[in-house]
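Because the structure is predicted, anything quoted here is derived from the model rather than measured.
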Amino acid sequence: MASPNESKAWELQSKDAKRSLAEDSYDDCTSCRVTGSAAFIGLGVYSYYTGMKNLRMQEKTIMQSATKYKMGSRQLGIATISATLVGMGLWRAFN
């Protein structure tokens, strides 16, 4: 069992940590936000465009292959990754 002095010290450390975390609210500059969000959105658009282009180029090979992952699931994967990146860019811009 901790002595009364040790428990008081623990409470003070806990309060200090909470106060430090509250004071440590970080806010980006506007140019950092714009650059970061533009990078994510640009990467999302680029990955969608190039991914779909590559799928169209490889469609015949994909359809003839023995894999169970045909065009639909691959398109869904590319769209999901792209939408996630664009969503991250939008979140970065407004939060």
Side-chain angles (χ1 to χ4, degrees):
M1 188 91 187
S3 70
N5 289 336
E6 288 177 3
S7 67
K8 286 182 183 179
W10 179 258
E11 288 176 21
L12 288 176
Q13 288 176 351
S14 175
K15 289 179 183 176
D16 288 341
K18 288 178 183 176
R19 185 173 58 237
S20 294
L21 287 174
E23 292 172 356
D24 193 33
S25 62
Y26 180 74
D27 193 28
D28 283 350
C29 62
T30 304
S31 61
C32 297
R33 241 175 236 251
V34 169
T35 303
S37 62
F40 277 121
I41 292 171
L43 185 59
V45 170
Y46 175 77
S47 65
Y48 182 82
Y49 175 75
T50 59
M52 291 300 182
K53 180 181 172 187
N54 286 333
L55 277 181
R56 282 191 301 274
M57 288 173 34
Q58 298 293 325
E59 183 174 10
K60 185 177 179 183
T61 307
I62 292 168
M63 296 308 286
Q64 291 175 352
S65 69
T67 182
K68 65 180 181 178
Y69 300 109
K70 300 296 182 185
M71 292 297 290
S73 60
R74 291 173 192 236
Q75 288 172 338
L76 179 64
I78 291 170
T80 302
I81 291 170
S82 300
T84 301
L85 288 167
V86 169
M88 289 171 59
L90 292 173
W91 181 86
R92 177 80 176 101
F94 297 111
N95 288 323

Just by distance, do the side chain of [X] and the backbone of [Y] share a donor-acceptor pair under 3.5 Å?
X     : Y     : result
Arg92 : Gly87 : no
Lys60 : Met57 : no
Thr35 : Cys32 : no

For residues [X] and [Y], report the shortest heavy-atom separation together with the two atoms involved.
X     : Y     : result
Met63 : Met71 : SD-CG, 3.6 Å
Leu90 : Ile41 : CD2-CD1, 4.1 Å
Ser37 : Gly89 : CB-O, 3.0 Å

Roughly how far, to the nearest 0.5 Å, is the [atom2] atom of [Y] from the [atom1] atom of [X]?
X     : Y     : atom1 : atom2 : result
Gln58 : Lys53 : CD    : NZ    : 12.0 Å
Tyr49 : Asn54 : OH    : CG    : 10.0 Å
Met88 : Phe40 : CE    : CZ    : 3.5 Å

Inset, instruction - Run the numbers on Leu55 and Met52 for side chain to side chain contact (heavy atoms under 4.5 Å, CB included), then give the verdict. - result: CA-CA 5 Å; Leu55 277 181; Met52 291 300 182; 4.3 Å; yes

Inset, instruction - Give the cluster check for Tyr48 versus Leu43: same hydrophobic cluster or not, with ILVMFWY residues linked at side-chain heavy-atom distances below 4.5 Å. - result: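 Shared cluster, no.
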
Legend entry - Ser47 side chain near Leu85 side chain, heavy-atom distance below 4.5 Å: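 Yes, their side chains come closer than 4.5 Å.
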
